[in-house]
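Inspection log for the structure reproduced underneath, given as structure tokens.
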Amino acid sequence: MSRRVAIVTPYHGEPIAWIAKAHASVRLQTHPATHILVGDGKPEAAVDSWDAQHIVLPAGHRDWGHTPRAIGALSAAAQGFDAIGFLDADNWFYPDHVESLLKLQAARDLEVASSLRAMHHVDGRLLHRCLLVDGIETFDTNCLMLFPPAYSALSVFALVPPDVRYIADRWVSIWLKRRGRRIGCTRQATVAYRVRYKYFYDTSPLPMPAEHIVDLKIPHPRELRQWWLALPPEEREFHMKVMGAS
């Protein structure tokens, strides 16, 4: 029996053409997947006519899509999907993304499977393979696929401390490792990641795109650790309890 896969995409104001491209990439997977789109306070009426599930939230959460991501993923878990993956509204999958993750999981009895990603310009053209995400030590949410033994991590996306929720995927990866989940990577770049960060273009010979740029620098893991250790012990313990990682 073919395994039922859900792909969760939160969106909030991205160009409808980008959302449609993301949806088309799910529809064109070599292994079929159900697309669950979550409108985070800015629903697009066009999505209602797509072959997809459409969850509409009444207000935006302003947390980089992580709360709507958690809501969509928990819905998928409750519907009994055998695997849950993630796709941001500005990115897309290569056609064998889902199939390659399922094959890896089956071969190694994994609880979490991941891929690598290829970096694309805001206009969509391919730039290069990402050198930062290795799929084991460093994850990107778009590269992840979780299987039922790891579903307890789904709520963590929405429970990460608000100050650092924009990098919730790093916290989810820490949570999974602390739980001893079996994790593996395909070593294939099957996610097309549209680079929108200003600092990326500041340090490259490419001209700065005229629009859709985000002025945010992702901290190095060392900086994240320094921030965490600078918190009072009682505040660290509070956040750990909230995330279920105490």
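- Grouping the Ile, Leu, Val, Met, Phe, Trp and Tyr side chains by contacts below 4.5 angstrom, directly or via other members, places Val156 with Leu74.
- The hydrophobic cluster containing Ile71 also contains Phe157, counting ILVMFWY residues as joined when their side-chain heavy atoms lie under 4.5 angstrom apart, directly or transitively.
- Proximity of a side-chain donor or acceptor of Arg4 to a complementary backbone N or O of Gln79 within less than 3.5 Å is detected.
- His54 is linked by a side chain to side chain donor-acceptor pair (under 3.5 Å) to Tyr11, Asp48, counting only residues two or more places apart in sequence or in another chain.
- Once rounded to the nearest 0.5 Å, the distance linking CZ of Arg125 with NE2 of His120 reads 12.0 Å.
- Of all heavy-atom pairs between Ala76 and Ile36, the closest is CB-CD1, 3.8 Å.
- If you take CD on Gln105 and CG on Leu146, they are separated by 11.0 Å, rounding to the nearest 0.5 Å.
- When atom types are taken as modelled, the side chain of His12 and the backbone of Asp40 share a donor-acceptor pair closer than 3.5 angstrom.
- For Arg27, the side-chain contact (heavy atoms from CB on, under 4.5 Å) criterion is met by His23, Asp51, not counting sequence neighbours.
- Take Leu104 and apply the side-chain contact (heavy atoms from CB on, under 4.5 Å) test, not counting sequence neighbours, and it matches Arg108, Leu110, Ala113, Thr186.
- Here the closest non-hydrogen pair linking Ala192 and Asn91 is O-CB, 3.1 Å.
- Residues passing the side-chain contact (heavy atoms from CB on, under 4.5 Å) test with Ile136 are Asp134, Ile183, Cys185, sequence neighbours excluded.
- Counting only distance, with no hydrogens or angles, the side chain of Gln29 and the backbone of His97 share a donor-acceptor pair below 3.5 Å.
- Nearest approach of Tyr151 to Ala83, heavy atoms of both residues: OH-N, 3.2 Å.
- Not counting sequence neighbours, Ser25 has no partner by the side chain to side chain donor-acceptor pair (under 3.5 Å) test.
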| Going through the checks in order, is the side-chain contact (heavy atoms from CB on, under 4.5 Å) test met by Phe81 and Thr34? | CA-CA 9 Å; Phe81 281 93; Thr34 297; 3.6 Å; yes

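- With sequence neighbours excluded, no residue forms a side chain to side chain donor-acceptor pair (under 3.5 Å) with Glu44.
- Interatomic distance, CD1 of Ile55 versus OG1 of Thr9, reported as 11.0 Å (0.5 Å rounding).
- The minimum heavy-atom distance linking Arg181 with Ser152 is given by the pair NH2-OG, 4.1 Å.
- Not counting sequence neighbours, the partners of His121 by the ring pair (Phe, Tyr, Trp, His ring centres under 6.0 Å) test are Tyr201.
- Sparse packing is recorded around NZ of Lys103, with 12 or fewer heavy atoms of other residues, nucleotides or ligands lying under 6.0 Å away.
- Taking the ring centroids of His212 and Trp18, they lie under the 6.0 Å cut-off.
- Distance check: Asn142 CG to Ser114 OG gives 12.0 Å after rounding to the nearest 0.5 Å.
- Residues that satisfy the side chain to side chain donor-acceptor pair (under 3.5 Å) test with Arg194, not counting sequence neighbours, are absent from this structure.
- Other cluster members for Val191: Val5, Ile7, Val26, Leu87, Phe93, Val98, Leu101, Leu102, Met145, Phe147, joined by side-chain heavy-atom distances under 4.5 Å among Ile, Leu, Val, Met, Phe, Trp and Tyr.
- The side-chain contact (heavy atoms from CB on, under 4.5 Å) search around Ala73 returns Val8, Ile84, Phe86, Leu154, not counting sequence neighbours.
- Cluster partners of Leu126, by chain and number: Trp92, Tyr94. The rule joins Ile, Leu, Val, Met, Phe, Trp and Tyr whenever side-chain heavy atoms lie under 4.5 Å apart.
- Contact detail for Ser115 and Gln188: the closest heavy-atom pair is CB-O, 3.5 Å.
- Partners of Tyr193 according to the ring pair (Phe, Tyr, Trp, His ring centres under 6.0 Å) rule, which considers only residues two or more places apart in sequence or in another chain, do not exist here.
- At distances below 3.5 Å, not a single donor-acceptor pair connects side-chain atoms of Arg117 with backbone N or O atoms of Cys143.
- Under the 4.5 Å side-chain heavy-atom criterion for grouping Ile, Leu, Val, Met, Phe, Trp and Tyr, Trp175 is not connected to Val133 through any hydrophobic cluster.
- Scanning all heavy atoms of the two residues, the minimum distance from Ala70 to Ala158 falls at CB-CB, 4.0 Å.
- In terms of modelled atom types and a separation under 3.5 Å, the side chain of Lys177 and the main chain of Glu137 share a donor-acceptor contact.
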